[in-house]
Amino acid sequence: MNWTLEVVIVPVSDIDRAKDFYSNKLGFGLDHDTEFGDDIRLVQLTPPGSGCSIVFGRGAVPKMEPGSIQGLQLVVPDIHKAHAELVERGVEVSDVQVLGANPNPVPDPLDNVGFCFFNDPDGNGWAIQQISTRP
């Protein structure tokens with residue numbers, strides 16, 4: 001039986017600002033932005049190529065402190081290309097860093113150990129890791 005992670009709730013203070021950041025700056029696809037009266041609004045976005053989406057909104061999501069999620073991680077095949085894309089879109093992102101060492105030889109020395117980091121407008125923390133091949 002497969003157990004797949006499909007949705008992660010991201011706590012934000014301003015739904016429209018977060019929607020703009022994730023869709024326009026990060027390039028996440030907007031799956032839906034649905035309102036149910038004045039009290040409930042759900043926005044769901046999915047990173048390109050991902051099977052897992054993020055959701056934020058009001059009323060139908062758990063009450064969490066905006067910016068309290070840390071360590072969300074995206075994986076890309078080319079960390080330098082992803083970094084350049086974020087910089088071009090105006091995202092404040094750290095330089096590419098090497099964290100640790102590969103226990104086994106890999107085709108690209110940045111695989112598994114190449115990272116960069118950014119925060120959304122509320123301070124939710126994201127990491128981007130390079131994995132271009134998997135065993």
Side-chain angles (χ1 to χ4, degrees):
M1 172 185 323
N2 289 334
W3 295 49
T4 60
L5 180 64
E6 299 287 335
V7 173
V8 173
I9 305 296
V10 176
V12 301
S13 61
D14 183 319
I15 296 169
D16 291 321
R17 179 180 70 176
K19 178 182 164 185
D20 179 65
F21 177 80
Y22 284 102
S23 63
N24 294 322
K25 293 233 176 180
L26 296 184
F28 287 18
L30 178 62
D31 301 324
H32 63 81
D33 181 350
T34 307
E35 293 189 60
F36 305 93
D38 293 334
D39 298 329
I40 299 175
R41 180 177 177 193
L42 293 174
V43 178
Q44 180 173 322
L45 301 108
T46 304
S50 179
C52 186
S53 303
I54 62 166
V55 169
F56 49 82
R58 69 173 178 276
V61 293
K63 186 75 172 159
M64 296 187 290
E65 187 66 31
S68 62
I69 298 292
Q70 300 297 311
L72 294 166
Q73 189 161 313
L74 300 165
V75 172
V76 297
D78 183 331
I79 194 75
H80 288 294
K81 185 176 178 180
H83 183 272
E85 191 174 303
L86 292 178
V87 168
E88 183 178 297
R89 291 179 174 181
V91 176
E92 290 185 32
V93 60
S94 75
D95 291 335
V96 173
Q97 304 169 31
V98 174
L99 301 179
N102 280 302
N104 299 306
V106 292
D108 186 315
L110 288 176
D111 274 356
N112 306 314
V113 297
F115 287 85
C116 59
F117 303 90
F118 68 91
N119 291 330
D120 75 5
D122 284 294
N124 293 300
W126 289 82
I128 303 173
Q129 178 186 25
Q130 176 175 308
I131 301 178
S132 64
T133 59
R134 295 187 188 259

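This one's a predicted model, so the numbers in the text were calculated from it and none came from an experiment. We number each residue from 1, following the sequence as shown.
Exactly one residue among Val91, Ile69, Asn119, Leu72 makes a side-chain contact (heavy atoms from CB on, under 4.5 Å) with Trp126. That residue is Leu72. Just one of Leu110, Val75, Val113, Val76 meets the side-chain contact (heavy atoms from CB on, under 4.5 Å) condition when paired with Gln129; it is Val75.
Leu5 and Ile128 fall within a single hydrophobic cluster, where Ile, Leu, Val, Met, Phe, Trp and Tyr are joined by side-chain heavy atoms under 4.5 Å apart, directly or via other members. In the hydrophobic clustering of this structure, Val8 groups with Leu30; members are Ile, Leu, Val, Met, Phe, Trp, Tyr whose side-chain heavy atoms approach within less than 4.5 Å, directly or through other members. One hydrophobic cluster, built from ILVMFWY side chains closer than 4.5 Å, cannot hold both Leu99 and Val96; they sit in different ones.
Residues Asn124 and Pro11 meet the side-chain proximity criterion, which asks for heavy atoms closer than 4.5 Å. Asp31 is listed as a side-chain neighbour of Ser53, based on a closest heavy-atom distance under 4.5 Å. Between Pro47 and Leu26 the shortest side-chain heavy-atom distance does not fall below 4.5 Å. With a 4.5 Å cut-off on side-chain heavy atoms, Val93 and Glu85 do not count as touching. The side-chain heavy atoms of Phe56 and Val61, taken from C-beta on, include no pair separated by under 4.5 Å. At least one side-chain heavy atom of Leu42 sits under 4.5 Å from a side-chain heavy atom of His32. The closest side-chain heavy-atom distance from Lys81 to Gln130 is not below 4.5 Å. Using a 4.5 Å heavy-atom threshold, the side chains of Val10 and Tyr22 count as touching.
In terms of heavy atoms, Pro77 sits closest to Ser132 at O-CB, 3.3 Å. When all heavy atoms of Arg89 and Asn24 are compared, the closest pair comes out as CD-O, 4.0 Å. Between Pro48 and Gly27 the shortest heavy-atom distance is CG-O, 3.6 Å. Heavy atoms only, all atoms of each residue included: Glu6 and Gly51 are closest at OE1-O, 2.9 Å. In terms of heavy atoms, Ser23 sits closest to Leu45 at CB-CD2, 3.7 Å.
In terms of modelled atom types and a separation under 3.5 Å, the side chain of Asn102 and the main chain of Asp111 share a donor-acceptor contact. At least one donor-acceptor pair closer than 3.5 Å links the side chain of Ser50 to the backbone N or O of Cys52. A donor-acceptor contact shorter than 3.5 Å links the side chain of Ser94 to the backbone of Phe117.
Of the inter-residue distances, the one linking Ile131 atom CD1 with Ile79 atom CD1 reads 10.0 Å to the nearest 0.5 angstrom. With values rounded to the nearest 0.5 angstrom, Phe21 atom CZ is found 13.0 Å from Asp14 atom CG.
Between Asp39 and Arg58 there is no salt bridge, since no side-chain nitrogen of the basic residue lies less than 4.0 Å from a carboxylate oxygen of the acidic one. Salt bridge annotation for Asp122-Arg17: present, with a cationic side-chain nitrogen under 4.0 angstrom from a carboxylate oxygen.
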